[in-house]
Amino acid sequence: MKLENDLLLRTARGEKVERPPVWLMRQAGRILPQYRALRGSLSGFKELVETPPLAAEVTIQPVDELGVDAAIIFSDILVIPEAMGLTYEMVEKKGPWFPKTIESLADVKNLGSGENVIGELQYVFDALAITKKELNGRVPLIGFAGAPWTIFSYMLEGSGSKTFSKARKFLYQEPEAAKLLLEKITDTTIAYLKQKIKSGADIVQVFDSWAGILPPHQYSEFAIPYLRKICEAITEVPVIVFAKGAWFALPELGALDCQVLGVDWNMKVGDLRGKHNIQQVLQGNLDPCMLYASPQVVRSETLQMIAHFGGRHICNLGHGVYPDTPLENVKVFVNTVKGSSYS
Ligand code: CP3
(Lines give C-alpha, C1' and ligand atoms only; values in the text may rest on other atoms or scores of the structure.)
Protein backbone atom coordinates (compact mmCIF):
# COMPACT_ATOMS: atom_id res chain seq x y z
CA MET A 1 0.00 0.00 0.00
CA LYS A 2 1.24 3.48 -0.81
CA LEU A 3 1.92 5.66 2.23
CA GLU A 4 0.24 9.05 2.54
CA ASN A 5 3.13 10.30 4.65
CA ASP A 6 6.45 8.65 3.79
CA LEU A 7 8.67 11.48 5.05
CA LEU A 8 10.48 9.19 7.51
CA LEU A 9 11.34 6.68 4.80
CA ARG A 10 12.46 9.30 2.30
CA THR A 11 14.67 10.86 4.96
CA ALA A 12 16.10 7.49 6.03
CA ARG A 13 16.98 6.77 2.40
CA GLY A 14 18.93 10.02 2.30
CA GLU A 15 16.57 11.89 -0.05
CA LYS A 16 16.23 15.64 0.10
CA VAL A 17 13.09 16.48 2.10
CA GLU A 18 11.01 19.54 2.95
CA ARG A 19 11.39 19.23 6.73
CA PRO A 20 12.67 16.62 9.19
CA PRO A 21 10.23 13.87 10.21
CA VAL A 22 9.44 13.53 13.93
CA TRP A 23 8.60 10.68 16.31
CA LEU A 24 9.54 9.93 19.90
CA MET A 25 11.09 6.85 21.42
CA ARG A 26 8.53 5.46 23.91
CA GLN A 27 5.76 7.58 22.34
CA ALA A 28 3.30 4.71 22.90
CA GLY A 29 3.02 4.63 26.64
CA ARG A 30 2.31 6.43 29.83
CA ILE A 31 2.56 10.00 28.51
CA LEU A 32 -0.84 9.40 26.88
CA PRO A 33 -4.03 9.39 28.99
CA GLN A 34 -5.58 6.94 26.49
CA TYR A 35 -2.74 4.51 27.19
CA ARG A 36 -3.05 4.84 30.97
CA ALA A 37 -6.81 4.24 30.76
CA LEU A 38 -6.47 1.07 28.70
CA ARG A 39 -3.49 -0.18 30.69
CA GLY A 40 -5.37 0.37 33.96
CA SER A 41 -8.16 -1.92 32.82
CA LEU A 42 -5.79 -4.85 32.18
CA SER A 43 -3.95 -7.36 34.35
CA GLY A 44 -0.58 -5.96 33.36
CA PHE A 45 1.87 -4.88 30.71
CA LYS A 46 2.25 -8.35 29.21
CA GLU A 47 -1.46 -8.70 28.57
CA LEU A 48 -1.26 -5.53 26.48
CA VAL A 49 1.83 -6.70 24.59
CA GLU A 50 0.41 -10.16 23.95
CA THR A 51 -3.08 -9.14 22.79
CA PRO A 52 -2.57 -8.02 19.17
CA PRO A 53 -5.67 -5.79 18.74
CA LEU A 54 -4.81 -3.92 21.96
CA ALA A 55 -1.13 -3.60 21.06
CA ALA A 56 -2.26 -2.20 17.70
CA GLU A 57 -4.58 0.27 19.43
CA VAL A 58 -1.84 1.74 21.65
CA THR A 59 0.59 1.80 18.72
CA ILE A 60 -1.80 4.10 16.85
CA GLN A 61 -2.69 6.33 19.83
CA PRO A 62 0.33 8.66 19.41
CA VAL A 63 -0.37 9.01 15.68
CA ASP A 64 -3.90 10.23 16.49
CA GLU A 65 -3.03 12.28 19.56
CA LEU A 66 0.36 13.76 18.68
CA GLY A 67 0.40 13.67 14.87
CA VAL A 68 3.86 12.07 14.74
CA ASP A 69 5.30 11.01 11.38
CA ALA A 70 5.62 7.32 12.35
CA ALA A 71 4.11 4.63 14.55
CA ILE A 72 6.37 2.26 16.50
CA ILE A 73 4.89 -1.12 17.25
CA PHE A 74 3.95 -1.51 20.89
CA SER A 75 6.01 -4.34 22.34
CA ASP A 76 9.21 -4.77 24.32
CA ILE A 77 12.77 -5.79 23.57
CA LEU A 78 12.43 -8.55 26.21
CA VAL A 79 10.21 -10.75 24.06
CA ILE A 80 13.42 -12.11 22.49
CA PRO A 81 14.89 -13.62 25.68
CA GLU A 82 11.44 -15.02 26.36
CA ALA A 83 11.26 -16.73 22.96
CA MET A 84 14.75 -18.15 23.58
CA GLY A 85 13.62 -19.68 26.86
CA LEU A 86 13.89 -17.05 29.62
CA THR A 87 10.50 -15.67 30.53
CA TYR A 88 10.24 -12.17 31.98
CA GLU A 89 7.78 -10.51 34.29
CA MET A 90 7.02 -6.81 34.28
CA VAL A 91 6.80 -5.79 37.93
CA GLU A 92 4.56 -2.77 38.48
CA LYS A 93 6.54 0.42 39.18
CA LYS A 94 9.82 -1.54 39.12
CA GLY A 95 10.37 -2.83 35.62
CA PRO A 96 11.40 -6.13 34.10
CA TRP A 97 12.38 -9.17 36.15
CA PHE A 98 13.59 -12.61 34.99
CA PRO A 99 12.99 -15.47 37.45
CA LYS A 100 15.78 -17.44 35.78
CA THR A 101 19.00 -15.93 34.40
CA ILE A 102 22.06 -17.16 32.50
CA GLU A 103 24.93 -18.23 34.75
CA SER A 104 26.99 -20.71 32.74
CA LEU A 105 27.89 -22.13 29.35
CA ALA A 106 25.41 -24.94 29.98
CA ASP A 107 22.64 -22.37 30.43
CA VAL A 108 23.62 -20.75 27.13
CA LYS A 109 23.62 -24.11 25.35
CA ASN A 110 20.13 -24.83 26.67
CA LEU A 111 18.62 -21.76 25.03
CA GLY A 112 16.77 -21.97 21.74
CA SER A 113 17.65 -19.56 18.93
CA GLY A 114 17.05 -18.41 15.39
CA GLU A 115 14.07 -19.16 13.20
CA ASN A 116 13.09 -22.12 15.39
CA VAL A 117 11.96 -19.92 18.25
CA ILE A 118 10.35 -16.92 16.63
CA GLY A 119 7.10 -18.84 16.18
CA GLU A 120 6.67 -18.05 19.88
CA LEU A 121 6.27 -14.40 18.88
CA GLN A 122 3.30 -14.76 16.55
CA TYR A 123 1.42 -12.24 18.73
CA VAL A 124 3.95 -9.55 17.73
CA PHE A 125 3.59 -10.35 14.03
CA ASP A 126 -0.20 -10.32 14.37
CA ALA A 127 -0.02 -6.94 16.13
CA LEU A 128 2.05 -5.55 13.24
CA ALA A 129 -0.39 -6.87 10.64
CA ILE A 130 -3.39 -5.38 12.46
CA THR A 131 -1.61 -2.06 13.01
CA LYS A 132 -0.60 -1.86 9.38
CA LYS A 133 -4.18 -2.44 8.29
CA GLU A 134 -5.63 0.06 10.76
CA LEU A 135 -3.04 2.72 9.95
CA ASN A 136 -4.29 2.45 6.40
CA GLY A 137 -1.14 4.05 5.00
CA ARG A 138 -1.21 7.17 7.19
CA VAL A 139 2.41 6.86 8.39
CA PRO A 140 5.19 4.25 8.27
CA LEU A 141 5.36 1.56 10.93
CA ILE A 142 8.64 1.09 12.82
CA GLY A 143 9.64 -2.39 14.01
CA PHE A 144 12.35 -2.79 16.62
CA ALA A 145 14.56 -5.13 18.61
CA GLY A 146 17.14 -4.80 21.36
CA ALA A 147 20.78 -5.00 20.30
CA PRO A 148 22.51 -8.25 21.28
CA TRP A 149 24.63 -6.61 24.00
CA THR A 150 21.58 -5.00 25.65
CA ILE A 151 19.55 -8.24 25.52
CA PHE A 152 22.58 -10.13 26.87
CA SER A 153 22.68 -7.71 29.83
CA TYR A 154 19.09 -8.48 30.80
CA MET A 155 19.61 -12.22 30.37
CA LEU A 156 22.50 -12.16 32.84
CA GLU A 157 21.29 -9.51 35.30
CA GLY A 158 17.65 -10.56 35.36
CA SER A 159 16.58 -6.91 35.72
CA GLY A 160 17.88 -3.39 35.29
CA SER A 161 21.05 -2.67 37.25
CA LYS A 162 23.21 0.23 38.39
CA THR A 163 26.48 -1.53 37.69
CA PHE A 164 25.65 -4.41 35.31
CA SER A 165 28.43 -6.23 37.11
CA LYS A 166 26.97 -9.71 36.49
CA ALA A 167 26.76 -9.14 32.75
CA ARG A 168 30.19 -7.48 32.65
CA LYS A 169 31.81 -10.13 34.86
CA PHE A 170 30.70 -12.83 32.40
CA LEU A 171 32.62 -11.10 29.59
CA TYR A 172 35.85 -11.48 31.59
CA GLN A 173 35.22 -14.92 33.09
CA GLU A 174 33.41 -16.71 30.27
CA PRO A 175 34.22 -14.85 27.04
CA GLU A 176 33.52 -17.86 24.82
CA ALA A 177 30.16 -18.57 26.44
CA ALA A 178 29.39 -14.86 26.16
CA LYS A 179 30.11 -14.94 22.44
CA LEU A 180 27.97 -18.02 21.93
CA LEU A 181 25.10 -16.28 23.69
CA LEU A 182 25.59 -13.10 21.64
CA GLU A 183 25.57 -15.23 18.46
CA LYS A 184 22.34 -16.91 19.50
CA ILE A 185 20.68 -13.59 20.30
CA THR A 186 21.89 -12.17 16.98
CA ASP A 187 20.49 -15.06 14.94
CA THR A 188 17.17 -14.82 16.75
CA THR A 189 17.03 -11.06 16.28
CA ILE A 190 17.68 -11.32 12.54
CA ALA A 191 14.91 -13.92 12.09
CA TYR A 192 12.63 -11.80 14.26
CA LEU A 193 13.25 -8.53 12.39
CA LYS A 194 12.79 -10.25 9.04
CA GLN A 195 9.43 -11.61 10.16
CA LYS A 196 8.46 -8.18 11.49
CA ILE A 197 9.26 -6.72 8.08
CA LYS A 198 7.14 -9.40 6.38
CA SER A 199 4.33 -8.53 8.80
CA GLY A 200 4.39 -4.84 7.87
CA ALA A 201 7.37 -2.97 9.41
CA ASP A 202 8.56 -0.30 6.97
CA ILE A 203 11.81 0.42 8.84
CA VAL A 204 13.46 -1.10 11.93
CA GLN A 205 15.35 0.29 14.90
CA VAL A 206 17.88 -1.61 17.00
CA PHE A 207 18.12 -0.30 20.58
CA ASP A 208 21.51 -0.70 22.27
CA SER A 209 20.35 0.99 25.45
CA TRP A 210 23.29 -0.20 27.57
CA ALA A 211 26.04 0.49 25.04
CA GLY A 212 27.54 3.14 27.27
CA ILE A 213 28.49 0.82 30.14
CA LEU A 214 31.24 -1.04 28.24
CA PRO A 215 34.85 0.04 27.85
CA PRO A 216 35.61 0.81 24.19
CA HIS A 217 37.65 -2.34 23.53
CA GLN A 218 34.83 -4.53 24.87
CA TYR A 219 32.22 -2.67 22.88
CA SER A 220 34.36 -3.41 19.79
CA GLU A 221 34.58 -7.09 20.72
CA PHE A 222 31.18 -7.91 22.23
CA ALA A 223 28.76 -5.47 20.60
CA ILE A 224 29.89 -4.11 17.23
CA PRO A 225 30.36 -7.46 15.41
CA TYR A 226 26.80 -8.51 16.25
CA LEU A 227 25.33 -5.15 15.26
CA ARG A 228 27.27 -5.44 12.02
CA LYS A 229 25.82 -8.88 11.34
CA ILE A 230 22.27 -7.59 11.91
CA CYS A 231 22.80 -4.55 9.66
CA GLU A 232 24.22 -6.73 6.90
CA ALA A 233 21.35 -9.22 7.16
CA ILE A 234 18.53 -6.68 7.04
CA THR A 235 18.48 -5.51 3.45
CA GLU A 236 14.72 -5.18 2.95
CA VAL A 237 14.14 -1.85 4.74
CA PRO A 238 16.24 0.95 6.27
CA VAL A 239 17.86 0.21 9.64
CA ILE A 240 18.30 2.68 12.52
CA VAL A 241 20.98 1.82 15.09
CA PHE A 242 20.67 3.65 18.41
CA ALA A 243 23.59 2.95 20.74
CA LYS A 244 23.04 5.02 23.85
CA GLY A 245 26.16 6.50 25.40
CA ALA A 246 28.47 5.02 22.77
CA TRP A 247 30.14 8.25 21.64
CA PHE A 248 33.49 6.44 22.06
CA ALA A 249 32.44 3.96 19.35
CA LEU A 250 31.43 6.53 16.71
CA PRO A 251 34.03 5.46 14.13
CA GLU A 252 32.75 1.86 14.30
CA LEU A 253 29.09 2.87 14.38
CA GLY A 254 29.73 5.17 11.43
CA ALA A 255 31.10 2.20 9.48
CA LEU A 256 28.00 0.04 10.03
CA ASP A 257 25.84 -0.78 7.06
CA CYS A 258 22.82 1.02 8.51
CA GLN A 259 21.03 4.00 6.97
CA VAL A 260 20.40 5.91 10.21
CA LEU A 261 22.37 6.40 13.40
CA GLY A 262 20.46 7.44 16.52
CA VAL A 263 22.34 9.73 18.90
CA ASP A 264 21.70 10.78 22.49
CA TRP A 265 22.10 14.21 24.07
CA ASN A 266 25.70 13.58 25.14
CA MET A 267 26.85 13.93 21.55
CA LYS A 268 27.84 17.30 20.13
CA VAL A 269 25.86 17.59 16.92
CA GLY A 270 28.57 19.58 15.13
CA ASP A 271 31.19 16.93 15.90
CA LEU A 272 29.13 14.13 14.34
CA ARG A 273 29.43 15.39 10.79
CA GLY A 274 32.62 17.36 11.38
CA LYS A 275 35.17 15.66 13.60
CA HIS A 276 33.71 12.14 13.29
CA ASN A 277 32.70 12.38 9.62
CA ILE A 278 29.49 10.37 10.15
CA GLN A 279 27.81 9.76 6.80
CA GLN A 280 24.54 8.15 7.89
CA VAL A 281 21.30 10.06 8.36
CA LEU A 282 21.15 11.05 12.06
CA GLN A 283 18.30 10.69 14.53
CA GLY A 284 17.92 12.46 17.85
CA ASN A 285 18.83 14.06 20.16
CA LEU A 286 16.93 16.49 22.40
CA ASP A 287 17.44 15.93 26.10
CA PRO A 288 14.17 14.31 27.29
CA CYS A 289 14.33 16.59 30.35
CA MET A 290 14.16 19.62 28.08
CA LEU A 291 10.47 18.76 27.70
CA TYR A 292 9.98 19.87 31.32
CA ALA A 293 10.98 23.44 30.35
CA SER A 294 8.46 26.11 29.28
CA PRO A 295 6.71 25.69 25.91
CA GLN A 296 8.70 28.70 24.62
CA VAL A 297 11.98 26.98 25.49
CA VAL A 298 10.80 23.68 23.98
CA ARG A 299 10.04 25.52 20.77
CA SER A 300 13.30 27.45 20.55
CA GLU A 301 15.45 24.41 21.51
CA THR A 302 13.67 22.28 18.90
CA LEU A 303 14.26 24.86 16.17
CA GLN A 304 17.87 25.18 17.24
CA MET A 305 18.34 21.42 17.05
CA ILE A 306 16.91 21.32 13.51
CA ALA A 307 19.28 24.09 12.48
CA HIS A 308 22.26 22.37 14.13
CA PHE A 309 21.68 19.10 12.30
CA GLY A 310 21.02 21.05 9.11
CA GLY A 311 19.33 18.22 7.16
CA ARG A 312 19.63 14.43 6.79
CA HIS A 313 18.01 14.29 10.22
CA ILE A 314 15.08 12.61 11.96
CA CYS A 315 13.84 14.61 14.96
CA ASN A 316 13.54 12.61 18.15
CA LEU A 317 14.69 12.77 21.74
CA GLY A 318 18.06 11.43 22.79
CA HIS A 319 16.28 8.56 24.61
CA GLY A 320 12.73 7.54 25.48
CA VAL A 321 10.24 10.17 26.64
CA TYR A 322 9.73 10.08 30.41
CA PRO A 323 6.22 9.04 31.52
CA ASP A 324 5.52 12.22 33.52
CA THR A 325 6.44 14.61 30.69
CA PRO A 326 3.75 17.29 30.18
CA LEU A 327 1.75 16.23 27.13
CA GLU A 328 1.41 19.86 26.04
CA ASN A 329 5.17 20.12 25.68
CA VAL A 330 5.36 16.90 23.69
CA LYS A 331 2.84 18.47 21.32
CA VAL A 332 4.83 21.70 21.12
CA PHE A 333 7.88 19.63 20.20
CA VAL A 334 6.04 17.70 17.46
CA ASN A 335 4.23 20.75 16.09
CA THR A 336 7.39 22.85 16.02
CA VAL A 337 9.08 20.22 13.85
CA LYS A 338 6.02 19.94 11.62
CA GLY A 339 5.91 23.69 11.16
CA SER A 340 9.60 23.90 10.24
CA SER A 341 11.09 23.86 6.78
CA TYR A 342 14.52 23.57 5.20
CA SER A 343 14.86 26.22 2.58
O1 CP3 B 1 6.60 3.70 22.07
C2 CP3 B 1 7.54 2.92 21.91
O3 CP3 B 1 8.72 3.32 21.83
C4 CP3 B 1 7.21 1.44 21.70
C5 CP3 B 1 7.21 0.66 22.86
C6 CP3 B 1 8.47 0.25 23.62
C7 CP3 B 1 8.37 -0.23 24.94
N8 CP3 B 1 9.59 -0.72 25.31
C9 CP3 B 1 7.15 -0.26 25.75
C10 CP3 B 1 7.24 -0.29 27.21
C11 CP3 B 1 9.80 0.12 23.22
C12 CP3 B 1 10.47 0.52 21.92
C13 CP3 B 1 10.49 -0.50 24.30
C14 CP3 B 1 11.92 -0.88 24.24
C15 CP3 B 1 12.63 -1.17 25.48
N16 CP3 B 1 12.20 -1.91 26.56
C17 CP3 B 1 13.97 -0.79 25.73
C18 CP3 B 1 14.85 -0.06 24.76
C19 CP3 B 1 14.58 1.38 24.73
C20 CP3 B 1 15.11 2.14 25.91
O21 CP3 B 1 14.30 2.72 26.61
O22 CP3 B 1 16.33 2.17 26.06
C23 CP3 B 1 14.32 -1.26 27.01
C24 CP3 B 1 15.63 -1.07 27.71
C25 CP3 B 1 13.18 -1.98 27.50
C26 CP3 B 1 13.08 -2.74 28.79
C27 CP3 B 1 12.01 -2.18 29.64
N28 CP3 B 1 10.67 -2.28 29.38
C29 CP3 B 1 12.17 -1.49 30.87
C30 CP3 B 1 13.50 -1.15 31.51
C31 CP3 B 1 10.88 -1.19 31.34
C32 CP3 B 1 10.52 -0.56 32.65
C33 CP3 B 1 10.73 0.91 32.65
C34 CP3 B 1 9.47 1.64 32.25
O35 CP3 B 1 9.53 2.42 31.33
O36 CP3 B 1 8.44 1.39 32.89
C37 CP3 B 1 9.95 -1.64 30.37
C38 CP3 B 1 8.49 -1.52 30.43
C39 CP3 B 1 7.81 -0.85 29.29
N40 CP3 B 1 8.09 -1.05 27.96
C41 CP3 B 1 6.74 0.09 29.40
C42 CP3 B 1 6.39 0.45 28.10
C43 CP3 B 1 5.29 1.36 27.67
C44 CP3 B 1 6.09 0.53 30.68
C45 CP3 B 1 5.18 -0.55 31.18
C46 CP3 B 1 3.86 -0.05 31.71
O47 CP3 B 1 2.96 0.32 30.90
O48 CP3 B 1 3.73 -0.07 32.92
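Ligands are counted one by one from 1 in listed order, and the atoms in each one are counted from 1 as well.
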**Student:** Would you say Gly320 touches ligand 1, if touching means a heavy atom closer than 4.0 Å?
**Tutor:** no
**Student:** Salt bridge check: are Glu157 and Lys169 linked by an N-O gap of less than 4.0 Å?
**Tutor:** no
**Student:** Have a look at ligand 1 and work out which part of Arg30, if any, has a heavy atom under 4.0 Å from it: side chain, backbone, both or neither.
**Tutor:** side chain
**Student:** Please report which non-hydrogen protein atom sits nearest to atom 23 (C) of ligand 1, along with the residue it belongs to and the distance in Å to one decimal place.
**Tutor:**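 Going by distance alone, atom 23 (C) of ligand 1 is nearest to Ile77 CD1, 3.4 Å.
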**Student:** Between Ile73 and ligand 1, which residue portion shows a heavy-atom distance shorter than 4.0 Å: side chain, backbone, both, or neither?
**Tutor:**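 The backbone, only.
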**Student:** Can you tell me which residue and heavy atom of the protein come closest to atom 40 (N) of ligand 1, and the distance to 0.1 Å?
**Tutor:**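 Here the nearest protein heavy atom works out to Asp76 OD2, 2.8 Å.
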**Student:** Please classify the Lys244 to ligand 1 contact at 4.0 Å (heavy-atom distances, strictly less than): side chain, backbone, both or neither.
**Tutor:**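 Under 4.0 Å from ligand 1, Lys244 contributes no heavy atoms.
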**Student:** Considering only protein heavy atoms, which is closest to atom 46 (C) of ligand 1, and at what distance to one decimal place?
**Tutor:** Arg39 NE, 3.4 Å
**Student:** Any ion pair linking Arg138 and Asp64 (charged N to carboxylate O, less than 4.0 Å)?
**Tutor:** yes
**Student:** Within the structure, is a non-hydrogen atom of Trp210 found at a distance of less than 4.0 Å from ligand 1?
**Tutor:** no
**Student:** Could you tell me whether the side chain of Asp126 and the main chain of Pro52 form a donor-acceptor pair under 3.5 Å?
**Tutor:** no
**Student:** Please confirm whether Ser75 comes under 4.0 Å of ligand 1, counting heavy atoms of the residue only.
**Tutor:** yes
**Student:** At under 4.0 Å between heavy atoms, which part of Pro323 makes contact with ligand 1: side chain, backbone, both or neither?
**Tutor:**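 The answer is neither.
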**Student:** Tell me: protein heavy atom nearest atom 38 (C) of ligand 1, and distance?
**Tutor:** Met90 CE, 3.4 Å
**Student:** Does Glu92 come within less than 4.0 Å of Arg39, counting only side-chain N to carboxylate O?
**Tutor:**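 Result for this pair is yes, salt bridge flagged.
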**Student:** Closer than 3.5 angstrom, by distance alone: can the side chain of Thr188 be matched with the main-chain N or O of Ser113 as a donor-acceptor pair?
**Tutor:**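 No: the side chain of Thr188 does not pair with the backbone of Ser113.
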**Student:** Have Gln205 and Gln283 got a donor and an acceptor in their side chains that come within less than 3.5 Å?
**Tutor:**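 Yes, because at least one side-chain N or O of Gln205 sits under 3.5 Å from a partner of the opposite role on Gln283.
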**Student:** I'd like to know if Glu221 pairs up with Lys179 as an ion pair, taking the criterion as any Lys NZ or Arg NE/NH1/NH2 lying under 4.0 Å from an Asp or Glu carboxylate oxygen.
**Tutor:**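 Salt bridge flag = yes for Lys179 with Glu221.
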**Student:** So, does His319 sit close enough to ligand 1 that a heavy atom of it is under 4.0 Å from the ligand?
**Tutor:**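 His319 counts as a contact of ligand 1 under the 4.0 Å cut-off.
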**Student:** Would you find a donor on one side and an acceptor on the other, under 3.5 Å apart, between the side chain of Lys184 and the backbone of Leu111?
**Tutor:**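 Side chain of Lys184 to backbone of Leu111, a donor-acceptor pair under 3.5 Å: yes, one is there.
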**Student:** Non-hydrogen atoms of Phe242 versus ligand 1: any pair closer than 4.0 Å?
**Tutor:** no
**Student:** Counting non-hydrogen protein atoms only, what is the nearest one to atom 1 (O) of ligand 1? Give residue, atom name and distance.
**Tutor:** Ala28 N, 2.8 Å
**Student:** Begin from the C-alpha positions of Glu236 and Lys194 and carry the test side-chain contact (heavy atoms from CB on, under 4.5 Å) through to its verdict.
**Tutor:** CA-CA 8 Å; Glu236 302 86 339; Lys194 285 191 177 280; 2.7 Å; yes
**Student:** Look at atom 15 (C) of ligand 1 and say which protein heavy atom is nearest, naming residue and atom and giving the distance to 0.1 Å.
**Tutor:** Arg26 NH2, 3.5 Å
**Student:** Among all protein heavy atoms in this structure, tell me which lies nearest to atom 47 (O) of ligand 1, with the distance rounded to 0.1 Å.
**Tutor:**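 The protein heavy atom lying closest is Tyr35 OH, 2.4 Å.
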**Student:** Considering non-hydrogen atoms of the protein only, which is the closest contact for atom 45 (C) of ligand 1, and what is the distance?
**Tutor:** Phe45 CD1, 3.3 Å
**Student:** Against ligand 1, does Leu48 come closer than 4.0 Å with any heavy atom?
**Tutor:** no
**Student:** Considering both backbone and side-chain atoms of Ser209, is one of its nitrogen or oxygen atoms within less than 3.5 Å of a nitrogen or oxygen in ligand 1?
**Tutor:** yes
**Student:** Between ligand 1 and Gln27, is the shortest N or O to N or O distance under 3.5 Å?
**Tutor:**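 Yes, at least one N or O pair falls under 3.5 Å.
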**Student:** Does the distance from a Lys or Arg side-chain N to an Asp or Glu carboxylate O, for Glu183 and Lys229, drop under 4.0 Å?
**Tutor:** yes
**Student:** Could you check whether atom NZ of Lys166 has more than 12 heavy atoms from other residues, nucleotides or ligands sitting under 6.0 Å from it?
**Tutor:** no
**Student:** Does the pair Asp202/Lys132 count as a salt bridge with the N-to-O cut at 4.0 Å?
**Tutor:** yes
**Student:** Going by the order shown, which atoms of ligand 1 are within less than 4.0 Å of some heavy atom of Gly95?
**Tutor:** 32 (C)
**Student:** Between Met90 and Val124, is there shared hydrophobic-cluster membership here, with clusters defined by ILVMFWY side-chain heavy atoms closer than 4.5 Å?
**Tutor:** yes
